[in-house]
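Notes to accompany the following structure.
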Amino acid sequence: MEFYKYATSSPWGVSFFCRLDPVSLTLMKMLVTGGAGFIGTNFVRRTLTTRPEYEITVLDKLTYAGNSSNLTGLDVHFVQGDVADRELVDKLVKASDVVVHFAAETHVDASLRDPAAFVHSNVVGTFALLEAIRKYDTRLHYISTDEVFGDLELTDSRRFTETSPYNPSSPYSATKAGADHLVRAWIRSFNIPATLSHCSNNYGPYQHIEKFIPRQITNILTHRTPKLYGTGAQIRDWIHVDDHNSAVQLILDNGTIGESYIIGADNDHITNKQVISLICELMGLSPDAYEHVSDRPGHDQRYAMDSTKLRTELGWQPHFTDTNTGMRTGLAETITWYTENRAWWEPLKAQVEANYAATGQ
Ligand code: NAD
Ligand code: DAU
């Protein structure tokens with residue numbers, strides 16, 4: 001990895017000969033924002049392995065959620081900087097053929113403690129990027145979330161579709177919804193060549209340990225008791241991060257400009273309580289070896305995704321689809337990853353738990 005802090009002059013040229021598109025024989029320059037975070041890291045790794053026609057530049061601010069060591073040893077250009085920095089973003093977009101925009105503040109609990117960073121990165125940052133995209137007419141894929149649609153009642157069997165109304169509940173989802181509206185307005189008003197996707201909860205390697213699944217895995221690995229919010233009746237439509245990213249690649253290849261796509265792996269029947277029990281069981285504990293802690297204020301109840309459009313129009317299929325729980329295999333692999341990569345998360349653990357303790361947990 002080549003590391004550039006703040007601005008960079010075009011450092012292209014590394015491995016040029018193995019990065020030619022076999023059809024057009026042109027080199028595709030891809031800018032990945034937020035590429036040192038959870039999904040972005042997995043996307044960069046997947047793209048390097050499966051799509052040699054791309055040369056990748058990562059722009060990441062390296063907030064507490066980003067980790068440049070995720071990209072160590074990879075053939076990418078790394079630029080540390082803020083997506084809201086218009087001068088920097090202008091330079092990087094000018095030098096790119098395609099932009100995939102993952103960068104965001106992402107943790108709902110953190111947005112309840114301090115929403116300001118969410119407005120900055122998610123709304124102002126997306127605005128800055130859109131202005132450069134408009135100027136250079138660059139292909140953009142914008143990573144939204146299912147949370148912009150709000151939540152469903154636990155008794156409601158409907159699923160979100162591409163036409164579900166926006167109804168965000170938390171400062172996080174409100175800022176993601178604000179950014180979505182900007183993207184949609186720039187498509188309509190300025191004809192920018194953009195697509196959007198709304199995915200449900202991801203799990204897999206490199207996820208920050210503040211999030212539900214890695215928090216419980218690392219609780220068990222450090223002899224802490226796993227923590228379930230409230231009753232644990234809430235439902236998240238879990239998807240393995242590689243399945244999310246395979247969908248993003250398909251949309252980049254074949255998605256219709258101006259369209260949005262729902263991404264989901266049909267796991268909208270698994271409660272948080274079932275997930276935490278499965279983690280306990282897979283890690284050799286009794287399935288009820290967790291404790292209930294105070295609930296999240298305004299806690300969204302149920303997310304459920306209808307990915308028919310992605311499957312029928314683009315032929316996407318998730319890979320991690322066990323019949324029983326839908327996530328046993330992926331979860332077991334994820335547990336193995338955290339077990340084998342203690343050095344990656346262990347320095348963060350005490351601070352993460354102190355932050356939670358400060359909120360009364
Ligand atoms: P993450 O918190 O793990 O990573 C976010 C990355 O963005 C970090 O590396 C951080 O340093 C970087 N970043 C934050 N603000 C920045 C800024 N102003 N400028 C440049 N970089 C900045 O998040 P994630 O879980 O990988 O999520 C990535 C994207 O996917 C987000 O847009 C999120 O809304 C969306 N998403 C996440 C999920 C999920 O389950 N995690 C599901 C659907 C959609
Ligand atoms: O739906 C997609 C979204 O999923 C993304 O857009 C967000 O960026 C991502 O953070 C995630 O949001 P959630 O709030 O759903 O994820 P989180 O991992 O924080 O929590 C998942 C569920 O688990 C939620 O119902 C709260 C619960 N929970 C969470 C933690 C951290 C617990 O029961 N115990 C915990 O310790």
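For ligands, and for the atoms within them, numbers begin at 1 and follow the listed sequence.
The cationic atom of Lys211 (NZ for Lys, CZ for Arg) does not lie both less than 6.0 Å from the six-membered ring centre of Phe38 and within 45° of the ring axis. Annotation: cation-pi pair Arg328/Phe320 absent, no NZ/CZ under 6.0 Å from the ring centroid and within 45° of its normal. At least one test fails for Arg296 against the ring of Tyr229: distance under 6.0 Å to the centre or angle within 45° of the axis.
Counting protein heavy atoms only, atom 3 (C) of ligand 2 is closest to Glu147 OE2, 2.9 Å. In this structure, atom 16 (O) of ligand 2 lies nearest to the protein heavy atom Asn201 ND2, 3.3 Å. The protein heavy-atom contact nearest to atom 1 (O) of ligand 2 is Asp146 OD1, 2.5 Å. Taking atom 33 (O) of ligand 2 as the reference point, the nearest protein heavy-atom neighbour is Tyr229 N, 2.8 Å. Shortest contact from atom 27 (C) of ligand 2 to any protein heavy atom: Asn272 ND2, 3.6 Å. Protein heavy atom at the shortest distance from atom 34 (N) of ligand 2 is Lys227 O, 2.9 Å. Shortest contact from atom 21 (C) of ligand 2 to any protein heavy atom: Phe212 CB, 3.6 Å. Here the heavy atom of the protein found nearest to atom 8 (O) of ligand 2 is Thr106 O, 2.8 Å.
Taking the six-membered ring wherever Trp is involved, the centroid distance between the rings of Tyr206 and His208 does not fall below 6.0 Å. Ring pair Phe149/His198: centre-to-centre distance below 6.0 Å. Taking the six-membered ring where the residue is Trp, the centroids of Tyr203 and His240 are separated by under 6.0 Å. Ring pair His244/Phe43: centre-to-centre distance not below 6.0 Å.
Ligand-side atoms of ligand 2 in range of Leu228: 33 (O), range being under 4.0 angstrom from any heavy atom. Residue-ligand proximity, Arg236 to ligand 2, at heavy-atom distances under 4.0 Å covers atoms 15 (O), 24 (C), 25 (O). Against a heavy-atom cut-off of under 4.0 Å, Val108 is close to the following atoms of ligand 2: 14 (O). Interface atoms of ligand 2 facing Tyr303, defined by a heavy-atom separation under 4.0 Å, are 1 (O), 15 (O). Set against the non-hydrogen atoms of His107, the atoms of ligand 2 under 4.0 Å away are 19 (O). The atoms of ligand 2 that sit less than 4.0 Å from any heavy atom of Tyr356 are 31 (C). Applying the 4.0 Å criterion to heavy atoms of Glu210 picks out, from ligand 2, the atoms 31 (C).
Between the Thr126 side chain and the Val123 main chain, no donor and acceptor come within less than 3.5 Å of each other. A donor-acceptor pair under 3.5 Å is formed between the side chain of Asp97 and the backbone N or O of Lys29. Between the side chain of Gln80 and the main chain of Leu62, no donor-acceptor pair closer than 3.5 Å is present. Within the 3.5 Å criterion, the main-chain N or O of Leu88 finds a donor-acceptor partner in the side chain of Asp85. The closest donor-acceptor contact from the side chain of Arg302 to the backbone of Asp156 lies under 3.5 Å.
In this structure, Gln216 has a heavy atom closer than 4.0 Å to ligand 2.
The proximity of Arg215 to ligand 2, defined as any non-hydrogen pair under 4.0 Å, is limited to the side chain.
Annotation for Asp60 and Gly66: closest pair OD1-CA, 4.4 Å, computed over non-hydrogen atoms.
When each of Asp237, Ile143, Ile239, Leu250 is paired with Ile263, the side chain to side chain contact (heavy atoms under 4.5 Å, CB included) condition holds for Ile239 and for no other.
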Gln274/Thr271 under side chain to side chain donor-acceptor pair (under 3.5 Å): CA gap, chis, key distance, verdict: CA-CA 5 Å; Gln274 286 171 306; Thr271 64; 3.3 Å; yes

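Residue Asp109 places no N or O, backbone or side chain, under 3.5 Å from any N or O of ligand 2.
Nearest residue to atom 24 (C) of ligand 2 from His299, Gln207, Arg302, His198 is His299 (criterion: closest heavy atom).
For ligand 1, residues of the protein lying within 4.0 angstrom by heavy-atom distance are Gly34, Ala36, Gly37, Phe38, Ile39, Asp60, Lys61, Leu62, Thr63, Ala65, Gly66, Gly81, Asp82, Val83, Phe102, Ala103, Ala104, Thr106, Ser121, Ile143, Ser144, Thr145, Tyr172, Lys176, Cys199, Ser200, Asn201, Asn202.
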